[in-house]
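Notes follow once the structure below has been shown.
Naming: A, B, ... by sequence-line order, numbering from 1 per chain. A quick note: this is a predicted structure, and the numbers were derived from the prediction, not measured.
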Number of protein chains: 2
Amino acid sequence: MEKKQRKLPDSCGLGPALAVIGGKWKALLLWQIHQAQPCRFGELKRLQPEISEKMLIQHLREMEADGIIHREVFHQVPPRVEYSVTPEGAELDLALAPLAEWGKKHQERTEKAKAGAARAARTAAEGVTLG
Amino acid sequence: MEKKQRKLPDSCGLGPALAVIGGKWKALLLWQIHQAQPCRFGELKRLQPEISEKMLIQHLREMEADGIIHREVFHQVPPRVEYSVTPEGAELDLALAPLAEWGKKHQERTEKAKAGAARAARTAAEGVTLG
DNA sequence: TAGGTACCTTACTTTTTTGTCTGTACTTGC
DNA sequence: GCAAGTACAGACAAAAAAGTAAGGTACCTA
């Protein structure tokens, strides 16, 4: 398994936390599993068609190893595997909420700033044509 | 400037937040600047000798562009540059606190689990030698 | 004139992460 | 027999992030 992960400096607990949730799709997956619990592999795939099967499995396995999700195999044909969040995963989801809040605010500010810059540029252009 | 950043999926605000704080040293830097505000370049370098100058500058510049830190240049000889966190950066630091908490707990759990496994392995080995 | 300090910049290499594609085992349906 | 569906595994390649090493400015001291 590809698991050599860049080691993050410890910054008072943030290192380990970011190591767990830092993957490109992990936060999204945790959130979706938390919503639609329990959740089958194919379901996740359908919910997020952008993510490749390989990354989906890789991330799910790492999250399982980190103890934030639980994987249950039903020995049926066709196979059936269900994912759910562990209590630890639920706590993480909770701890992530303020960060998500901040992210939303930051995004809004950024967009507003961009819009403002565009408006300023237009105004300047008008000024030039009128001057 | 190297800034093409892997695009993170949006997961309800977490995407933008992780884009801002996801760099290897960024959380640490934000935290340190917040502690020792205002903070000179050389100071940060001394506080964290592991990080290369290039990464230090690169991260500082990106954080400045994201509006979470402020950079002030004093035109002196030798040059003097001071970094401080913006209100937005301070909010981010706050939003990061629960995650850091979780990280610490997670780390403890992981270590305990590892210790437990080692103990179990020893016990099993004894069992074998004694049996 | 060489060496030192502070704050970078640039070119280049390595490491890590992500993506693409192909293949597996098994069964149902046509 | 062949396709389709489920839940993966593995080789390989591309992209992104991080690191290394060298240089550059501007002034000051020995």
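- Spacing between atom CD1 of A:Ile57 and atom P of C:dT17 amounts to 18 Å, rounded to whole angstrom units.
- Between A:Tyr83 and B:Glu53, it is A:Tyr83 whose nearest contact on DNA chain D lies nearer the 5' terminus.
- The A:Gln58 side chain lies nearest to C:dT18 when the options are D:dC8, C:dC7, C:dT18.
- Rounding to whole angstrom units, CG of residue A:Leu44 and C1' of D:dT6 are separated by 14 Å.
- Between A:Thr86 and A:His70, the shortest heavy-atom contact is CG2-N, 3.9 Å.
- Atom pair A:Arg46:CZ and D:dA7:P shows a separation of 8 Å (rounding to whole Å applied).
- In this structure, A:Leu29 atom CG and C:dT18 atom P are separated by 12 Å, rounded to whole Å.
- Rounding to whole angstrom units, NE2 of residue A:His75 and P of D:dT6 are separated by 19 Å.
- Side-chain nitrogen and oxygen atoms of A:Lys24 include none within less than 4.0 Å of the OP1 or OP2 phosphate oxygen of D:dA16.
- Each of C:dG19, C:dC8, D:dT6 was ranked by its minimum atom distance to the side chain of A:Met55; first place goes to C:dG19.
- The side chain of B:Arg61 contributes an N or O atom lying less than 4.0 Å from OP1 or OP2 of C:dT9.
- Between the CH2 atom of B:Trp25 and the P atom of C:dT16 there is a distance of 13 Å, given to the nearest Å.
- The interatomic distance linking B:Leu60 (CG) with C:dC8 (P) rounds to 8 Å, in whole Å.
- Counting only residues at least two apart or on different chains, no ring pair (Phe, Tyr, Trp, His ring centres under 6.0 Å) pair has a member in residues 77-101 of chain A.
- Put simply, NZ on B:Lys54 is 23 Å from P on C:dA6, counting in whole angstrom units.
- Residue B:Arg40 places none of its side-chain N or O atoms closer than 4.0 Å to OP1 or OP2 of C:dC8.
- A side chain to side chain contact (heavy atoms under 4.5 Å, CB included) with A:Met63 is found for exactly one of A:Val85, A:Val20, A:Leu29, namely A:Leu29.
- Hydrophobic clustering keeps A:Leu30 apart from A:Leu47 (ILVMFWY residues linked when any side-chain heavy atoms are closer than 4.5 Å, directly or through intermediates).
- Residues A:Ile33 and A:Leu60 are in side-chain contact: their nearest non-hydrogen atoms beyond the backbone lie under 4.5 Å apart.
- When each of C:dC7, C:dT18, D:dA18 is scored by its nearest atom to the side-chain atoms of B:His59, the top-ranked nucleotide is D:dA18.
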